[in-house]
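Quick note on labels: first sequence line is chain A, next is B, and so on, each numbered from 1.
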Amino acid sequence: MTQAIIFVLFILGGTALLSWPFGRYMSWAMDPARGQGTPNGFTSIFQGIGGSIARQEQDWKRYVVSLLGFNVVLFVVVFAILALQQYLPLNPDGKEALDPSLIFNTAVSFTTNTNLQHYSGEVAMSYLTQLAGLMWLQFVSAAVGIAALAALARGLAGRKLGNFFVDVQRATFLVLLPAAFVVAVLLLLTGVPMTFSGSVVATTLEGVQQTIARGPVAAFVAIKQLGTNGGGFFGPNSAHPLENPTFWSNVVQTVSIIIIPMACVWMFGHIIGRLKHAAVLFTVMLILMGARIVATVGFESVPTQAFTSLPITQDVGNLEGKELRFGASAGPLWAVVTTSTSNGSVNAMHDSLNPLAGMMPMIGMWLNEDFGGVGVGMVNMFLYIIVGVFIAGMMIGRTPEYLGWRVEAKEVKFAMMGLLSHGLFILVGTAIFAVTPWGADTLNNIGPHGFSEILYEFSSSAANNGSGFEGLGDATAPWNIATGLVMLLARFIPIILPLAIIGSLSAKRRATESSGTLSVEDGTFAGMLTATVVIVGALTFFPAATLGPIAEHVMFMK
Amino acid sequence: METLISSLRITVATMAICVGGYSAAVWAVGQAVTPDTAEASIITRADGTVIGSRQVAQAFTQPQYFWPRPSAVDYNGAGAGGSNKSPTSTDLTERATETVAAYGATPENPLPAELAAASGAGLDPHITERAARYQVARIAQARNILADQVEQVIDRNAFSPGGMFTPDRLVNVLEMNLALDNVQIQ
């Protein structure tokens, strides 16, 4: 247990420290013109690549239209690559045509930064599809999220929002690309393969044939983790010994999952010019995530229930679905950080977590803001902040303000729409699939755990997370279409609404903050924000949790 | 229309640099610095035939070999996966009952839990040192050699995957079995 605590502190503390300089770097990369600073030379290059539209200042509507138009192009390009993969090069193992509803689901999934996978990479996808289709979207879809946050922060600072086409290139080329190259090299050094040769057929020592799939894994995994994408090169994701071969490759990947979501909070603080406020937000997020890590490590140290009646040792935690090389606490730690950040890669099978340990990833996806996906996590937190300051203002009888902006009915309506739509997608989707053969016929476990499989799948889609209780037989047309639609709506509604709020705020006159203003830099604000997150989350999702993981725990765990 | 053209221009630029340039650069570093693991640590016999990958578990069922952890996909290296069963599932109890029988485990000599639990990808190449020692008597008897000789193979192969962070030492099943058979590899 001591090693578990040291390991968790080492990873979280180390990443939190690293996120500070990285956040500074990101604010330079994303917002070079801030204050009196000189614009960096890259801006004119990006304007050149983007063409004439990239030279305009955009208001929130133009910014959103550009963002949506860009995403349409991403979707169409990757849809085409997926649909034509059998005719395209770089296909040494002869991967064949894919089912149309799977193509739709996969193209949506990677465009929306979700990376929900209703296929197994080494079975279904050619190397070209993996790199030019999926890995490409892992770069640019992550960049879209960072761009949205940069625009939001500029708006809150009382400035023009900037230009989407420049922002998305800044995020791709200046933030994600160099970071991905560094991480990819670290992954090579810790044993991850990177080859364009096809699979190998081996004759084992016992004389059996074994086909071993491999491929250009290191490049893919680096951006999969950094961009909170999470889509695995292989079916079992980072539990696969060629996707995550050593203890140290696991350390590199765990840090890569949370570094940019953490750094995004600092970038936000730099752009709005309020680092103390950012530090308060960072602390709230760290506490919410840390509480779930402690709980998961604890719940998962209980031995596998199914083995208790057999002559099997009971001195280690639950090892079903886990790999030994990562150490005892690496699975629970990863399960929490990957769902806190909308990453969705796994290094252990979440379906085989103990019931309450399996609930913690779901809670992460339900809250979806600590630290959340790259860029969009902080954008989600902004919605909670709007609701939080509104409630606080009502309680003490002052006009609610955030950073000097008066928060009124319109902004709160938009924020609540964003937060409630999240619950709506998850609960309505789960309800429909739980009572119809669409869901009921696809389960891998019976009883409340089967319900949890459905609940998890919709939570993962709505949070743009992409992990799963993978026993679920989700490669069916109803699952592909339903989760595809949820991913689309749940991606763009929480990007459009916050920018609409910015549009509404910036039409008002900004007040100067005085001693009478509710501070956003102290413990009271932190407590208020934490309470808002927990209460909204609990009121929305607790009933569903009692039907799934809590019921399973009460019924079966002794 | 302008939005579309601009998006397409950025598509071309990001494809060229983030897919073409980046993949090629990472591949080149791998070939130069870690040529063995970059190709997935393939092991070949002296005659050039492939035995397997150091990093990927393969099936062992004969008594003279160390056995790996259970695999929900029967060690399929081209379609990996876990059982995805709940730890409360009776299906797991049934599977573990067979495993217990195969090892001949008894309440006095219980099976280490890691030998009963299937790994995440079904390809975990490692078992713990204690799970290896648990199998020594069977292997020594099947090979008609001293238990000490099998223990020595474990001693030579045991390693700590994460130093101070991982108290349990691991062994690579395939590498130990190669040592037991004394196979010449390239």
Side-chain angles (χ1 to χ4, degrees), chain A residues 3 7 49-51 53 66 69-70 73 123 131-132 136 139-140 165 172 184-185 188 191 193-195 200 202 204-205 210-214 218-219 235-236 239-241 245 247 304-307 310-313 316 318-321 323-325 327 348-349 351 354 444-445 449 470-471 556, chain B residues 2-3 6-7 9 11 13-15 18-19 23 26-27 29-30 34 37-40 42 49-53 55-56 58 62 77-82 84 86-89 92-93 96 100 105-107 110-114 116-117 119-121 123-126 161-162 165-167 170 177:
Chain A
Q3 274 97 355
F7 179 70
I49 294 173
I53 198 174
S66 300
F70 183 66
V73 171
V123 177
L131 296 181
W136 173 61
F139 275 101
V140 287
F165 292 107
T172 305
V185 170
L188 286 171
M194 181 72 196
T195 177
V200 189
T204 70
L205 282 186
Q210 185 190 33
T211 305
I212 300 168
R214 49 183 181 168
H240 194 292
F247 176 87
T304 315
Q305 180 72 33
F307 299 163
L310 298 170
I312 292 172
T313 57
V316 289
N318 174 31
L319 288 173
E320 183 68 21
E323 305 282 307
L324 295 176
R325 58 194 175 278
M349 295 297 113
D351 217 344
N354 282 326
N444 185 46
N445 285 277
H449 198 87
E470 288 299 340
F556 298 111
Chain B
E2 264 194 317
T3 304
S6 198
S7 300
R9 292 168 70 133
T11 295
T14 48
M15 276 268 188
C18 297
V19 178
S23 304
V26 176
W27 177 82
V29 173
T34 55
T37 53
E39 296 291 326
I42 302 299
T49 55
V50 176
I51 300 173
S53 163
Q55 293 171 299
V56 174
Q58 52 183 244
Q62 299 169 6
N84 287 308
S86 164
T88 66
S89 163
L92 282 193
T93 313
V100 163
T106 57
L111 186 69
E114 54 272 33
S119 64
L123 299 174
D124 192 344
H126 302 115
F165 297 117
T166 48
L170 301 182
N177 286 335

Approximate separation, where rounding is to 0.5 Å, of A:M194 CE and B:S23 OG: 5.0 Å

With only heavy atoms counted, which part of [X] is less than 4.5 Å from chain B, the side chain, the backbone, both or neither?
X	value
A:Q210	side chain
A:H240	both
A:N444	both
A:F139	side chain

Partners meeting side chain to side chain donor-acceptor pair (under 3.5 Å) with A:E323 (sequence neighbours left out): A:R325

Most contacts with chain B, counted as non-hydrogen pairs under 4.5 angstrom, among A:A218, A:S66, A:P245, A:G191: A:G191

Residue selection (most heavy-atom pairs with chain B, distance under 4.5 Å) from A:N318, A:N445, A:L131, A:V140: A:N445

Distance-only side-chain donor-acceptor flag, A:T195 / B:E39, under 3.5 Å: yes

Parallel, tilted or perpendicular: ring planes of B:F165 versus A:F247, cut at 30 and 60 degrees: parallel

Side chain proximity check, B:T106 to A:P311, heavy atoms < 4.5 angstrom: no

Side chain proximity check, B:V100 to A:F307, heavy atoms < 4.5 angstrom: no

Over all atoms of both residues, closest heavy-atom pair of B:A113 and A:T313: N-OG1, 2.9 Å

Criterion side-chain contact (heavy atoms from CB on, under 4.5 Å) on A:L324 and B:E114, from CA distance to verdict: CA-CA 8 Å; A:L324 295 176; B:E114 54 272 33; 4.0 Å; yes

